[in-house]
Amino acid sequence: MPELPEVETVRLQLLDKVVGKTISGVEVFHDKSVDYEEAVEDRLLTKTIEHIDRVGKLMIFSFVGEQDLYVLAHLKMTGQFFFVGGDEVVGGGHSMTVTDMELPGRHTRLAWYFTDSSTLYFNDMRLFGYVKLADAAAVAAARAKFGPEPIAADFDVKAFSVALRKKKALVKAVLLDQSFIAGLGNIYVDEALWRAKVRPTRRASTLTRAQAAAIAAASGDVMRESITVGGTTFRHFKDTGGQNGNFTDYLKVFGKQGIKCPRCGEIIVKIKTAGRGTHYCPGCQK
DNA sequence: AATTATGTTGCGGT
DNA sequence: AACCGCAACATAAT
């Protein structure tokens, strides 16, 4: 699932659902997903979730009274968190029922059971994602790898513009580089470049200052807008209640190859750039 | 039925 | 160092 808006959607839901809850049991269904060593799950027993932070597409769980114990969670391609509330009551107002899903199911890799009988499941079909323990040093090291986020209020457009000019790679590849700018993935890069009217195949170093500024603004805009409607479900993304994101309805180029550009009417094409499927309008993206 | 693509990213090679 | 291609893995689509 995984770009910033989808991760943020999950994070916001989990803040509401699991912060303050105490872990009473941990069940590991697949070792690769958790990187847990023997009996390591014991370290989480009786711990209470204090907060969930996010850097780029990485979620960081902290625990009450623990200064050196964290959990890093990355969804990568197909990771999903599902919350099933023990106190969930039919007609309870804002039920978060996970529908049409067997939990734990074939792709469930981990479960955290809470003292109130609710459960947080981690599903991940392709096993690229993880929910692993980390100490404070590991968290700091992980944080240090991320560049600035375009949704941040203090995002430095000037610095971004200057840095872009030093990049020889294609702008598509540069925007996918999490250490350069954090949060964009394959969908939002294509959408942001469409909004900014810039071709993904342009070398970053050839972009004008105005184009760089447009890309920065579009990147922030598209991700902020997506967060407000629960992210994009193109294939695998589900929120913690098993629901799809609604930004799919607002995509302009991603997956739209062969149909007309809503801005200029040219036919949108799909090519391969930076090893990724890339969609753009040859009519209005320069 | 084999090949191809998939919303990520870390690695190894140039 | 910067950049590029591919592998990690499971599944659906062609």
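All values below come from the heavy atoms of this structure, side chains included, with hydrogens, waters and symmetry mates left out. All of these numbers come straight from a predicted model, not from anything done at the bench. Chain A is the first sequence line, chain B the second, and so forth, proteins listed ahead of strands; every chain is numbered from 1.
Rounded to whole Å, atom P of B:dT9 lies 7 Å from atom NZ of A:Lys76. Taking atom CG of residue A:Leu75 and atom P of nucleotide B:dT8, one finds them 11 Å apart after rounding to whole Å. One can place CZ of A:Phe146 at 8 Å from P of B:dG10, the figure rounded to the nearest angstrom. Between A:Met77 atom CE and B:dT6 atom P the separation is 8 Å, expressed in whole Å. Atom-to-atom, CG of A:Asp124 to P of B:dT8 comes out at 13 Å; the value is rounded to the nearest Å.
Taking only distance into account, the side chain of A:Arg126 meets the base of B:dT6 through a donor-acceptor pair shorter than 3.5 Å.
In this structure, the side chains of A:Tyr188 and A:Glu6 come closer than 4.5 Å at one or more pairs of heavy atoms.
Here NZ of A:Lys132 is found 14.0 Å from CG of A:Leu110. Values are rounded to the nearest 0.5 Å.
Panel note: side chain A:Lys167, backbone A:Val174; no donor-acceptor pair is recorded below 3.5 Å. Between the side chain of A:Thr108 and the backbone N or O of A:Gly105, at least one donor-acceptor pair lies under 3.5 Å. Checked by atom type and distance alone, the side chain of A:Glu149 pairs as donor or acceptor with a backbone atom of A:Gly56 at under 3.5 Å. In terms of modelled atom types and a separation under 3.5 Å, the side chain of A:Thr240 and the main chain of A:Val10 share no donor-acceptor contact. No donor-acceptor pair under 3.5 Å is formed between the side chain of A:Glu66 and the backbone N or O of A:Lys47.
Phosphate proximity of B:dT9 to A:Lys57: present, with a side-chain N or O under 4.0 Å from OP1 or OP2. Between A:Arg276 and B:dT9 there is no side-chain N or O to OP1 or OP2 distance below 4.0 Å.
Among the heavy atoms of the strands, none lies under 4.0 Å from A:Lys145. Among the atoms of the strands shown, none is found under 4.0 Å from any heavy atom of A:Gly275. Across all strands, A:Gly277 comes closer than 4.0 Å only to sugar-phosphate atoms, never to a base (heavy-atom distances).
Of the N and O atoms on the side chains of A:Thr273 and A:Lys172, not one donor lies less than 3.5 Å from an acceptor on the other residue.
Listed in residue order, the members of residues 186-201 of chain A having a heavy atom less than 4.0 Å from DNA chain B are A:Asn186, A:Ile187. Heavy-atom distances under 4.0 Å link DNA chain C to A:Lys167, A:Lys168, A:Ala169 of residues 165-180 of chain A, given in residue order.
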Might you list the N or O atoms of the protein lying below 3.5 Å from N or O atoms in nucleotides 11-14 of chain C, with each pair's distance?
residue	atom	partner	partner atom	Å
C:dT11	OP1	A:Arg106	NH1	3.4
C:dT11	OP1	A:Arg106	NH2	3.3
C:dT11	OP1	A:His107	NE2	2.9

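Shown here is A:Arg209, whose CZ atom has no more than 12 heavy atoms of other residues, nucleotides or ligands within 6.0 Å.
Distance noted for atom P between C:dC9 and B:dA1: 25 Å (whole Å).
With a 3.5 Å ceiling on both atom-pair distances, C:dC9 lacks any Watson-Crick or G-U wobble partner.
Between A:Phe160 and A:Phe180, the ring planes are tilted. Angles from 30° to 60° get that label.
Between A:Lys252 and A:Asp190 no salt bridge is recorded (no basic side-chain N to carboxylate O distance below 4.0 Å). Using a cutoff of 4.0 Å between basic side-chain nitrogens and carboxylate oxygens, A:Asp124 and A:Lys76 are not scored as salt-bridged.
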